[in-house]
Amino acid sequence: MFGAFRPSHVNLVGLLWKVPWKLSPTRKANARARLKKVDAVIEAVRASGVQCGALERALELPKEHEMPARDKYTIFSPNARGYRKGIHKVPKWTRRTLRTNPKGF
């Protein structure tokens with residue numbers, strides 16, 4: 001087992017950076033804080049008197065305190081069992097607006 005093909009962590013167990021199956025309490029708190037900061041920015045832009053299509057769409061989104069926990073931490077996925085998957089499994093989930101889901105899911 002010496003030489004170019006000796007076993008390593010990647011060779012033995014696959015991908016080394018694994019995504020946990022559920023969000024930790026700390027990551028949930030960070031996600032809630034991020035939603036609150038976005039709500040504050042939307043409110044500040046609204047109060048400044050600026051009008052644009054993006055602001056109108058942002059005002060239609062639910063605020064953090066109006067969202068159920070299910071929508072804060074999971075997202076609709078047609079391929080997942082139960083049609084929901086953890087929000088942290090979505091690529092670039094910290095930069096996307098994932099506040100709305102189809103009705104009934």
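- When side chains are defined from C-beta on, Val45 counts as touching Leu55, because their heavy atoms get closer than 4.5 Å.
- For Ser77, the side-chain contact (heavy atoms from CB on, under 4.5 Å) criterion is met by Asn79, Ala80, Lys85, not counting sequence neighbours.
- For Tyr73, the OH atom is densely surrounded, since the number of other residues' heavy atoms within 6.0 Å is greater than 12.
- The stretch residues 41-59 participates, sequence neighbours left out, in these salt bridge (charged side-chain N to carboxylate O under 4.0 Å, His left out) pairs: Glu43-Arg46.
- The neighbour count for Gln51 CD, taken as heavy atoms of other residues, nucleotides or ligands under 6.0 Å away, does not exceed 12.
- Partners of Asp71 by side chain to side chain donor-acceptor pair (under 3.5 Å), not counting sequence neighbours, listed by chain and number: Arg84, Asn101.
- Applying the salt bridge (charged side-chain N to carboxylate O under 4.0 Å, His left out) criterion to Arg32, with sequence neighbours excluded, gives no partner residue.
- Residues Ala31 and Trp93 come closest through the heavy atom pair CB-CZ3, 4.0 Å.
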- Derivation of the salt bridge (Lys or Arg N to Asp or Glu O under 4.0 Å) call for Arg99 and Asp39: CA-CA 12 Å; Arg99 296 186 185 219; Asp39 289 341; 2.8 Å; yes
Return all side-chain donor-acceptor pairs below 3.5 angstrom for residues 20-28, not counting sequence neighbours, or 'none' if the list is empty.
residue	atom	partner	partner atom	Å
Ser24	OG	Arg27	N	3.2

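- Cluster partners of Met67 are Leu35, counting Ile, Leu, Val, Met, Phe, Trp and Tyr whose side-chain heavy atoms approach within less than 4.5 Å, directly or via other members.
- In this view, Ala58 and Ile42 satisfy the side-chain contact (heavy atoms from CB on, under 4.5 Å) rule, not counting sequence neighbours.
- Evaluation of the side-chain contact (heavy atoms from CB on, under 4.5 Å) rule for Arg96 yields Val90, Leu98 as partners, not counting sequence neighbours.
- Atom CD1 of Ile75 is separated from atom NE2 of His88 by 13.0 Å, given to the nearest 0.5 angstrom.
- The side-chain contact (heavy atoms from CB on, under 4.5 Å) test applied to Lys36 returns Glu64, not counting sequence neighbours.
- Apart from Leu61 itself, the hydrophobic cluster it occupies contains nothing, where clustering links Ile, Leu, Val, Met, Phe, Trp and Tyr at side-chain heavy-atom distances under 4.5 Å.
- Under the rule for a ring pair (Phe, Tyr, Trp, His ring centres under 6.0 Å), the partners of Phe76 that lie at least two apart in sequence or sit in another chain are Phe105.
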